[in-house]
4 protein chains.
Amino acid sequence: MAARAGRGADAASAQTGDPNLWDRVENASARRVLQAALVSFSERGYHATTTRRISQRADLSPTAMYAHYRSKMDLLVVISEIGHAAVLEAVDAAIADGTDTTDRVRRLVRTFTAWHARNHTVARVLQYEMRTIPAERFGPIRALRRDTEARLRDLLRAGIAESVFAIGDLEVATVSILSMGIDVARWYDGEPDPTALADAQSELVMRMIAVPNQERSEIG
Amino acid sequence: MAARAGRGADAASAQTGDPNLWDRVENASARRVLQAALVSFSERGYHATTTRRISQRADLSPTAMYAHYRSKMDLLVVISEIGHAAVLEAVDAAIADGTDTTDRVRRLVRTFTAWHARNHTVARVLQYEMRTIPAERFGPIRALRRDTEARLRDLLRAGIAESVFAIGDLEVATVSILSMGIDVARWYDGEPDPTALADAQSELVMRMIAVPNQERSEIG
Amino acid sequence: MAARAGRGADAASAQTGDPNLWDRVENASARRVLQAALVSFSERGYHATTTRRISQRADLSPTAMYAHYRSKMDLLVVISEIGHAAVLEAVDAAIADGTDTTDRVRRLVRTFTAWHARNHTVARVLQYEMRTIPAERFGPIRALRRDTEARLRDLLRAGIAESVFAIGDLEVATVSILSMGIDVARWYDGEPDPTALADAQSELVMRMIAVPNQERSEIG
Amino acid sequence: MAARAGRGADAASAQTGDPNLWDRVENASARRVLQAALVSFSERGYHATTTRRISQRADLSPTAMYAHYRSKMDLLVVISEIGHAAVLEAVDAAIADGTDTTDRVRRLVRTFTAWHARNHTVARVLQYEMRTIPAERFGPIRALRRDTEARLRDLLRAGIAESVFAIGDLEVATVSILSMGIDVARWYDGEPDPTALADAQSELVMRMIAVPNQERSEIG
DNA sequence: GATGAATGAGGATTCATTCAT
DNA sequence: TATGAATGAATCCTCATTCAT
């Protein structure tokens, strides 16, 4: 069984993305269960994943997961919370490194895209199983998503104010830029290299929002 | 239940998008079943949709669908085939109307985006349940997707050759542009107006790929 | 489809045994349905046979059988009645041809065995689906079976009285002799030739019941 | 329901024959399920038996059987394998006890018949549901049946070589003798006593195959 | 913490049969 | 006579979860 071979940290990380993501889950069994769930949810979707499959992939008995999680939905919620928090953290770190608005947007997009490529397994769960999470548990996730989106929107708005960006419809621009990164989760399977992809997409985005050369030179 | 009220053609089309889409399903019951499945698949996903729900929404007995479709999976496949075919048709029609490469790309993007907004219910099924379709039935769908993607790629390539587009990475550009339209299915819920959205997105795309003004003026 | 090829009388009789058996069913469609049911009941059993299968094999629509028979059970009952009646008729004809008790028993056994070989398709239904027929419809069939058994028992009793047979337990002998013929339905698949099999089995039976040579010569 | 009353070992064995037969099924629930299935398969046939009935008769929830068996078919296969193995074991034990060929045949027949009377519930399943078992699982059962048949055939052949048996057609004799025992499963319902029946049938068989007195005295 | 057995709810699907045509 | 559509009942089985150990 592949799961058996993949029990080690390295093999697993190939499927589950950045290994540090799951560091906060301290118990080893609990982490294995979570990663097994993650891979299955990503491959087949939440409803098509059985708790037995998860357990098998984690090399545990069918009921072992209940020692660590209250339910299958719990697994999805935890994965989703960790994932969404990680995206926001990455985005915030990227912004912090930026020197000016243009640079910050470029870094944000590059990071966002690279994250979705590198962590496309988690990303798929975040995006495709959002609707699966019941309203009463969705609150924190919604907040994280809104915050992430707000980071970009605020930068775009700032750039417009600074006259470095020319954007017709701020909302459409915000969501469209994020779409390019989010949708990476759907099609990405290792190619191209996350960094290369991130560079290419961020370049496209910058051209999309930049004030056209002529006008800028006129202004400058 | 809302479904009961929605049995009429108009109410249903509000949920199922362009009513002509389902014209090719001639039997009225078969069409109602298909539309009921469509709405449920879109709202809750394939696996979370029960055949009973579908039948109920179609105002038929729990087993009536089996007179028209061999299985629940059949419904998904038919929906997916019709939907993907419709996208390609729309794209082809848009291209045919264009006057030059730039115009054709703009029309393609506008149409693609508008289609995904107007038919976001179907579009959600097309994008989110692709992995659910078993390999042996996926062939025709894959072909349609590849063709649709090829339409854009070919136009971009032509524009580069004509020096009206400046694109660093053709593949990334192709998929990123489509991502903006595809991802509309995820977030769209009636706002903004499909035409307005299509105009805004196509404008973003055109700026993204157009040769910068300066250079172009140099050439002209 | 094999059924289509086998629609003619000759091909069908290969599977359904003596074609005259079904002559009394005058309507051609009704007869085709009956023979289709017969073959399926024999091959897979009554409960594993669907009415759709029967109709298909008879080259008719799934509901066509209801024009001729009230239910699936009706088919089984009719087949069973015709079959059991035919066995008794054959046995009676065999007895009628016999010259003395010994000859009559030999002819009865030979005929009984040959019938089960030649009509093993029907015979299998008669024997294996007996318990399937509900009590309220089983009366006539029970009568036919009792009569057939009585024919042999009476002959054996007569032979004992005439001192041509030496039999310890009349009941066990009766049923055991019939078992040899009945069980042919279970294993027979065309080999050996029904006549050869009938000769061999009847010889075994005659030795089984005949007064031993020594004693007979003493008596004579 | 009678099943509830029959939960005790003794009551069950009245229906399921030799209780030792099921000893190899160690888990008590699994054994109860198996015996419940056995009785139902025997009474109504495999296809007419629902898994619910089996569970009810075993005093378990409708799904409890799935903890022990993978499917309803699994139950049939296990029953069939255990049953056929038991027949062969009984036959082998009988042969081992014999002093010469004639004695061995007599013992074989007596044992075979008595087994089918005593275990007529299992025997009915073995004989009537053979065709129900799919080819890919039938291998071991076919082997057991062939072995059992070979035991008799080999003895008959030996007896012919030793001139203690006079048999026209070895194959017909082999199958006909077994038929007498097998068919007991069809009609037996407690009468006569298995031993008495076995004695009567074995006597019939011995007369059927023995070299006639006269000839034998000539030889001796 | 971990497990094997057990369970209730529900799932897709099949089936014999009916009905309108 | 024949059919396509429709249906209610039932079937096998799966699933997430619980419980005793």
Side-chain angles (χ1 to χ4, degrees), chain A residues 27-30 32-33 37 46-55 58-76, chain B residues 27-30 32-33 46-55 58-75, chain C residues 27-30 32-33 37 46-55 58-76, chain D residues 27-30 32-33 46-55 58-75:
Chain A
N27 180 289
S29 287
R32 279 223 315 286
V33 168
Y46 176 83
H47 283 110
T49 296
T50 70
T51 55
R52 283 187 138 70
R53 260 194 106 80
I54 296 171
S55 309
D59 265 328
L60 290 167
S61 86
T63 56
M65 57 160 276
Y66 289 97
H68 304 286
Y69 301 92
R70 283 234 289 274
S71 66
K72 186 176 137 184
M73 181 51 74
D74 238 45
L75 286 166
L76 177 58
Chain B
N27 181 291
S29 290
R32 279 222 314 284
V33 168
Y46 177 84
H47 283 109
T49 296
T50 71
T51 56
R52 281 185 142 70
R53 274 192 95 83
I54 295 172
S55 308
D59 263 330
L60 289 168
S61 84
T63 58
M65 58 159 278
Y66 290 96
H68 304 286
Y69 302 92
R70 283 233 280 271
S71 64
K72 188 175 128 181
M73 181 50 76
D74 233 47
L75 286 167
Chain C
N27 180 290
S29 287
R32 279 222 314 285
V33 169
Y46 176 84
H47 282 110
T49 297
T50 70
T51 55
R52 282 188 139 70
R53 260 193 107 80
I54 296 171
S55 308
D59 266 329
L60 290 168
S61 86
T63 57
M65 57 160 277
Y66 290 95
H68 304 286
Y69 302 92
R70 284 234 287 271
S71 65
K72 187 176 138 185
M73 182 51 75
D74 238 46
L75 285 166
L76 176 57
Chain D
N27 181 291
S29 290
R32 280 223 313 286
V33 168
Y46 175 84
H47 283 109
T49 297
T50 71
T51 55
R52 279 189 141 70
R53 275 194 93 85
I54 295 172
S55 307
D59 263 329
L60 289 167
S61 85
T63 58
M65 57 160 277
Y66 290 97
H68 304 285
Y69 302 93
R70 282 234 280 272
S71 65
K72 189 175 125 180
M73 181 51 73
D74 233 47
L75 286 166

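Naming: A, B, ... by sequence-line order, numbering from 1 per chain. We use all heavy atoms of the structure for the numbers below, so side chains are in, but hydrogens, waters and symmetry mates are not.
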Rounded distance (Å) that lies between atom P of dC12(F) and atom CD1 of Ile54(D): 8 Å

Rounding to a whole Å, what distance do you find between Tyr66(A):OH and dT17(F):P? 4 Å

From Asp74(A) atom CG to Met65(A) atom CE, the distance as rounded to the nearest 0.5 Å: 8.0 Å

What one-letter contact string describes nucleotides 5-11 of chain E from 5' to 3', where B marks a base within less than 4.0 Å of any protein heavy atom, S marks contact via sugar-phosphate atoms alone, and - marks no contact? BSBBB-S

In whole angstroms, the gap separating C1' of dG1(E) from OH of Tyr69(A) amounts to 14 Å

Output for pair (Tyr66(A) OH, Ser55(A) OG), nearest 0.5 Å, gives 8.0 Å

Is there a side-chain contact between Met73(B) and Tyr46(B), using heavy atoms and a 4.5 Å cut-off? yes

Under 3.5 Å on both distances, the Watson-Crick or G-U partner of dA20(F): dT3(E)

When you measure from the side chain of Tyr69(A) to the backbone N and O of Ala30(A), does any donor-acceptor pair fall under 3.5 Å? yes

Separation of dG1(E) P from Arg70(A) CZ (nearest whole Å): 15 Å

Ignoring hydrogens, what is the shortest heavy-atom contact between Ile54(D) and Val33(D)? Give both atom names and the distance. CG2-O, 3.7 Å

Is there side-chain contact between Arg32(C) and Asp59(C), with heavy atoms separated by less than 4.5 Å? yes

Start at the 5' end of DNA chain E and walk down; is the nucleotide closest to Tyr46(C) or to Ser71(B) reached first? Ser71(B)

With a 3.5 Å limit on both atom pairs, tell me what dG10(E) is paired to, counting Watson-Crick and G-U wobble, or say none. dC13(F)

